There are 2 protein chains.
Amino acid sequence: MDKKDSMAKKEKIILAAKDMFANKGFNGTTMDELAKQAKVNKATIYYYFKDKEALYEYVFAESINNVVNDLEKRLKNTKTATDALKAYIDSFYFNSKEDETFMRILLRAVASQCYLFPKQVMKKFLRMLSILEDILDKGYNEGVFKKTDTKLVHFMIVGGISFLLTTKDKRSSIYETFDNTPKNFNKDDKYANRQLYEIILKGLGVK
Amino acid sequence: MDKKDSMAKKEKIILAAKDMFANKGFNGTTMDELAKQAKVNKATIYYYFKDKEALYEYVFAESINNVVNDLEKRLKNTKTATDALKAYIDSFYFNSKEDETFMRILLRAVASQCYLFPKQVMKKFLRMLSILEDILDKGYNEGVFKKTDTKLVHFMIVGGISFLLTTKDKRSSIYETFDNTPKNFNKDDKYANRQLYEIILKGLGVK
DNA sequence: CATACAGTTAACTAAATAGTTAGTTTAACT
DNA sequence: AGTTAAACTAACTATTTAGTTAACTGTATG
């Protein structure tokens, strides 16, 4: 068996792990089921990863790194604070759209009062927060943003996006089961990032 | 043993359950540890609740009912859509401040793509969403709000609040451990609800 | 052809887990 | 004091769990 095939197995494990950690959380994910879903022998998982926790950390770190890298790329093409804030929203929005597991793992980590944050992930997370802080400071100095709490803005963005994307697939069945869903509940939200621009930018005082 | 003491035991179980389901999630919570934390015999839990799931549902439903009841009380004292929206924010904010477990359980339920939502809880949740929709419609008809997606507004509110409150206790230790925390990271947010008013109301186009 | 080595596996272990059982204690009422 | 029912419990069971082991495979290298 050559390297490509072995890489494929590791990749299979990572994919299944992302999906299961997102859906069922750390404790809800069992190594047996994970092996089954990844279609590898359970011992193969332990060949590539020290233990369950190491796998979790790997998966979480990889996801957040993707977002941070994408964010930094996007920021290079921006001049104004307004554009930078849009880029901040977009990097979460488009990354989560492509791989919605990240947001779900993040939600759980927050819910656990951060004990599910591996150190390296927390570091990256704080890095993003300080990038956002710089953007908000810049906007304030440019006279277009009002002073606001960075972390509040951050989680309004992340909260809004994560909710929209994680409930996306279930909404139509909820809509059918319950009779009191709001009007647009089942509507597709293709341009939700633009709605977020609207609310957040106006909310920060941009004319 | 009189009724008060037996109520006290059931209450102890509920309190411990809230705390553990919030901190560790459904699967991370073990009945043995729960019994230990509640200081009751494990079998006593099964005397009061059919099984782990029933306990989870009870706890989740009780929490969301508190929020909905509080919301409906607050709404009675409002005239304008703006005040109603503030009441909506406040009912989440003050309830979560008093009992922060609810938000954490909610975050996990969302992360699980809603399979952790018991039916009765989902019903109440949709009830809240339709209340918010009425508020937003009213504001639109009054000419003060722009048209927006109800669920997006809802989760920006809930996301913002849940993040602030769930990370509250850990922030100072994070601040000490990592060197790149943003400026106000460790700041107390007594009036976070007012900051939320600002951003959300302005975001909706209120002058 | 022999040796080495990365990759893979079925079968196993020790510990933890949700839930049960069969019985004991407590308190209220006659 | 005796009866009853609710509240409670220590000890148990069957199952599931994370992680291990020891052996096997294919391939590359000398």
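In what follows, chains are A, B, ... by sequence order, proteins preceding strands, each numbered from 1. Given the structure is predicted, the values throughout are model-derived calculations rather than measurements.
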Using heavy atoms to find the nearest nucleotide of DNA chain C for A:Tyr47 and A:Lys42 separately, return the residue whose nucleotide is more 5′.
A:Tyr47
Looking for any heavy atom pair under 4.0 Å, which part of the strands does A:Thr30 touch: base, sugar-phosphate only, or nothing?
sugar-phosphate
Mind calculating the distance between OH (B:Tyr46) and C1' (C:dT21) to the nearest angstrom?
14 Å
Measure from NZ or CZ of B:Lys147 to the centre of the six-membered ring of B:Tyr140 and say whether it is under 6.0 Å with the direction within 45° of the ring axis.
yes
Would you call the rings of A:Phe102 and A:Phe92 parallel, tilted or perpendicular, where under 30° means parallel and over 60° means perpendicular?
parallel
What is the distance, rounded to the nearest whole Å, between atom NZ of A:Lys9 and atom C1' of D:dT25?
11 Å
Pairing donors with acceptors under 3.5 angstrom, does anything connect the side chains of B:Asp90 and B:Asn193?
yes
Roughly how many Å is it from CD1 in B:Ile13 to P in D:dT9, rounded to a whole number?
10 Å
Measure from CZ on B:Phe49 to P on D:dA7 and round the result to the nearest Å.
13 Å
Whole-Å distance separating the CG atom of A:Asn41 from the P atom of C:dA10:
5 Å
Assign the ring pair B:Phe26 / B:Phe21 to parallel, tilted or perpendicular, where the plane angle (0 to 90°) is split at 30° and 60°.
parallel
To the nearest angstrom, how far is A:Lys36 atom NZ from D:dT17 atom C1'?
15 Å
